[in-house]
Amino acid sequence: MGVEFPAGAFSVTTASGDVIVLRICDLCGAAVPDAEGTDLALHKRWHRITGSGNWIDPATGRRHSL
């Protein structure tokens, strides 16, 4: 049994009516807001900088990498 991440992007609407687009990181499954100053590319750079860009899901054996 492994973790399945949704693919692509999805949006949520706040109580005040603002629409926020979220993109899914295929490495860790994080929902990253698509906004000025923060986006999926910045998130993936964080993976590279911290060395967390390559890991193996112990449940499925699937290798996640940049």
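The two residues C25 and L40 have their closest heavy-atom pair at CA-CD1, 3.8 Å.
With hydrophobic clusters built from ILVMFWY side chains whose heavy atoms lie under 4.5 angstrom apart, L22 does not share a cluster with V32.
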Criterion side-chain contact (heavy atoms from CB on, under 4.5 Å) on S11 and I20, from CA distance to verdict: CA-CA 5 Å; S11 65; I20 301 170; over 6 Å; no

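Remark: the backbone N or O of G17 is not paired with any side-chain donor or acceptor of T13 at under 3.5 angstrom.
Every residue meeting the salt bridge (Lys or Arg N to Asp or Glu O under 4.0 Å) condition with D34, not counting sequence neighbours, appears here in chain and number order: R23.
Looking at heavy atoms from C-beta onward, P33 lies out of side-chain contact with V21 at the 4.5 angstrom threshold.
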